[in-house]
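Everything on this sheet refers to the single structure shown next.
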Number of protein chains: 2
Amino acid sequence: MKTNKLCIMRLSKYKSALYRLKSLGFVRIFSDNLADAVEVTSSQVRKDFSIFDISGNKRGGYKIDELIEKINTILGKDELQKVVIIGVGKLGSALMHYPGFEKEGIKIVAAFDIDALKFKHKEKTPVLPLEELPEFVRKNNIKIGIITVPATSAQQVVEIMLSAGIKGVLNFAPIQLRGNDDCQINNVNLEVELENLIYFVNVLIKTKGK
Amino acid sequence: MKTNKLCIMRLSKYKSALYRLKSLGFVRIFSDNLADAVEVTSSQVRKDFSIFDISGNKRGGYKIDELIEKINTILGKDELQKVVIIGVGKLGSALMHYPGFEKEGIKIVAAFDIDALKFKHKEKTPVLPLEELPEFVRKNNIKIGIITVPATSAQQVVEIMLSAGIKGVLNFAPIQLRGNDDCQINNVNLEVELENLIYFVNVLIKTKGK
DNA sequence: TTACTTTTGTGATAATATTCACAATATATA
DNA sequence: TATATATTGTGAATATTATCACAAAAGTAA
């Protein structure tokens, strides 16, 4: 079985498209339909599925419900995923209440900061002092954390998370953080995303000009 | 010259690392140092540079200032980039004031929404009614827009943006939007990012268990 | 100046990812 | 039931991307 990051990303996207197709009343779909929805080829879809031994019916396509369930199992979404956020600035607060997470069985259970003005011990999703992170992580068996602190404190926060036993980090601080054998770090860099878009828009405009 | 999205992403990352290295007092760097900072191989760095005819000195490495300037030129960052945001929810507001953009010569010049309660005509970064978008885009020569509306209205918003003449869209709505020859659409899907992390954390935990 | 060392720049090579193309087969139709 | 048709599943072929490895150049030291 040969997996890679892009392939897993596509699985997520297939699933998201499947929910949509389901809500439109579809019960079965073909690799063609999914391919359209996610902008890949149909053989890509089938190849991805074959990697995970997902099979459909020749001529009958795939049953959406089964497909969603299988993909969820592969993605490890059988149980509720508890996640913490470190850094309660504007972006952190936005992600704290991001509706897309809850919908996907992902629950932000607490946030942490160093600014006492931000602490909210009694809220449904509390904001706690950063020094309480290790205890909280251990007590609640948290594996995943989101970093939304400034670049300058990101490395420091990672160390704290690592020693608290966090296994996965989604980092929004605009600095490339390094994982290790015990902890996977994925970086989402908003500037980089926007710069990338700007580049391709410029290319587009230039080639159109010709 | 053979470019691709990942290569451009890396250019952005190199630049960001270069700023950091510069602030630490470095004046010149080697492909090795950059490779470390961005977690790629040094030949990857040199290959990326050679694609864009960026050259250094054998044995002397690259001058940081020149490198930053060249990368900025490639990325089309010679002039201030004016960007609009559509959708002033929590995420939209967070991005409106995201400090990383301004630092990179990217300026959010206005935001748009359909909720009259959110309108702020007199702020430095105004929040305007969505129907004013086309006029605003034309008058201010806006090329780039960020979508932070719910998935259900994203497609509709894209149509408006396309007909207003927007050339590039960074879409945060959790639905894959399709660009065309006149408009590049890049999708950033936060659920997908988090699901991806969850998958790899599970893999990590399983393989560790062995 | 000469020998030695370090680092670039890049063609050749290897690894990875995607698409092609078609046999196998399930369903629909007559 | 027999025939036609649509769709999967996958090995082979292709395309893309990254790494290797080393000659050439530039700095350093003697």
Side-chain angles (χ1 to χ4, degrees), chain A residues 1-14 17-18 21 26-68 70-71 74 176 187 192 196 199-200 203, chain B residues 1-14 17-18 21 26-71 74 176 192 196 199-200 203:
Chain A
M1 189 173 92
K2 248 174 81 182
T3 320
N4 65 67
K5 187 162 169 172
L6 285 164
C7 167
I8 301 298
M9 288 273 181
R10 282 195 301 266
L11 277 192
S12 274
K13 289 180 182 177
Y14 297 148
L18 286 168
L21 290 163
F26 288 87
V27 174
R28 319 173 127 272
I29 41 94
F30 305 121
S31 56
D32 238 11
N33 311 137
L34 261 185
D36 269 2
V38 179
E39 288 198 81
V40 296
T41 63
S42 62
S43 42
Q44 177 80 86
V45 173
R46 297 199 299 278
K47 183 69 92 178
D48 283 341
F49 286 179
S50 91
I51 288 171
F52 293 103
D53 290 315
I54 293 177
S55 58
N57 279 3
K58 286 185 165 54
R59 177 130 192 188
Y62 307 83
K63 285 190 198 154
I64 291 187
D65 280 333
E66 285 180 14
L67 208 41
I68 290 175
K70 279 179 188 168
I71 293 177
I74 292 162
Q176 184 101 351
N187 297 286
V192 168
N196 190 267
Y199 173 83
F200 283 103
V203 169
Chain B
M1 188 174 92
K2 248 175 81 181
T3 321
N4 65 66
K5 187 162 168 170
L6 286 163
C7 166
I8 301 298
M9 287 273 182
R10 284 194 300 268
L11 277 192
S12 275
K13 289 180 182 177
Y14 297 147
L18 285 168
L21 290 163
F26 288 86
V27 174
R28 318 173 129 274
I29 39 95
F30 305 122
S31 55
D32 237 10
N33 311 137
L34 260 185
D36 269 2
V38 179
E39 287 199 80
V40 296
T41 62
S42 62
S43 42
Q44 178 79 84
V45 173
R46 296 198 300 276
K47 185 70 91 177
D48 284 339
F49 286 179
S50 92
I51 288 171
F52 294 102
D53 290 315
I54 294 176
S55 59
N57 279 3
K58 288 190 166 54
R59 173 128 193 189
Y62 307 83
K63 283 191 199 155
I64 290 187
D65 281 332
E66 285 180 14
L67 209 40
I68 290 176
E69 208 179 304
K70 279 178 189 168
I71 294 178
I74 291 162
Q176 185 100 352
V192 168
N196 189 267
Y199 173 83
F200 284 102
V203 169

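Taken from NZ in B:Lys13 to CG in B:Leu18, the straight-line distance is 14.0 Å, to the nearest 0.5 Å. Interatomic distance, CD1 of A:Ile64 versus CG of A:Leu21, reported as 5.5 Å (0.5 Å rounding). To the nearest 0.5 angstrom, A:Phe200 atom CZ is 5.0 Å from B:Ile8 atom CD1.
In this entry the distance linking NZ of A:Lys5 with C1' of D:dA18 reads 17 Å, nearest Å. Distance CG (A:Asp53) to P (D:dG9): 10 Å, rounded to an integer number of Å. Between the CZ atom of B:Phe30 and the P atom of D:dA25 there is a distance of 19 Å, given to the nearest Å. Atom P of nucleotide D:dG9 and atom CG of A:Leu34 are separated by 13 Å, given to the nearest angstrom. A straight line from CE of B:Met9 to P of D:dA18 spans 13 Å, rounded to a whole angstrom. Look at NZ on B:Lys63: it is 15 Å from C1' on C:dT8, rounded to the nearest Å.
Judged by distance alone, with hydrogens and angles left aside, the side-chain atoms of A:Thr41 form a donor-acceptor pair with the main-chain N or O of A:Gln44 at under 3.5 Å. Judged purely by atom type and a 3.5 angstrom limit, A:Asn4 uses its side chain to pair as donor or acceptor with the backbone of A:Leu6.
Contacts between residues 38-50 of chain A and DNA chain C, defined by a heavy-atom separation under 4.0 Å, are made by A:Thr41, A:Ser43, A:Gln44, A:Arg46, A:Lys47.
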Considering only nitrogen or oxygen atoms on both sides, find all protein atoms under 3.5 Å from nucleotides 26-29 of chain D and state each distance.
{"residue": "D:dA26", "atom": "O4'", "partner": "B:Lys58", "partner atom": "O", "Å": "3.0"}
{"residue": "D:dG27", "atom": "N2", "partner": "B:Arg59", "partner atom": "NH1", "Å": "3.0"}
{"residue": "D:dG27", "atom": "N3", "partner": "B:Arg59", "partner atom": "NH1", "Å": "3.3"}

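Of all heavy-atom pairs spanning A:Val40 and A:Tyr14, the tightest one is CG2-OH, 3.9 Å. Contact record, A:Ile71 with A:Leu11: CG2-O, 3.8 Å, taken as the closest heavy-atom pair.
Contact annotation: A:Asn4 side-chain N/O to C:dT16 OP1/OP2 distance is not under 4.0 Å. Here A:Tyr62 does not reach the OP1 or OP2 of C:dA26: none of its side-chain N or O atoms lies under 4.0 Å away.
Across all strands shown, A:Asp32 has no heavy atoms under 4.0 Å from either base or sugar-phosphate atoms.
Ranked by how close their nearest DNA chain C nucleotide is to the 5' end, A:Leu6 and B:Ser31 are led by B:Ser31.
Inspection of the B:Asn57 and B:Tyr62 side chains reveals no N or O donor paired with an N or O acceptor under 3.5 Å.
Applying the side-chain hydrogen bond (donor to acceptor under 3.5 Å, both in side chains) test to every pair with at least one member in residues 26-40 of chain A, sequence neighbours left out, gives these pairs: A:Ser31-A:Arg46.
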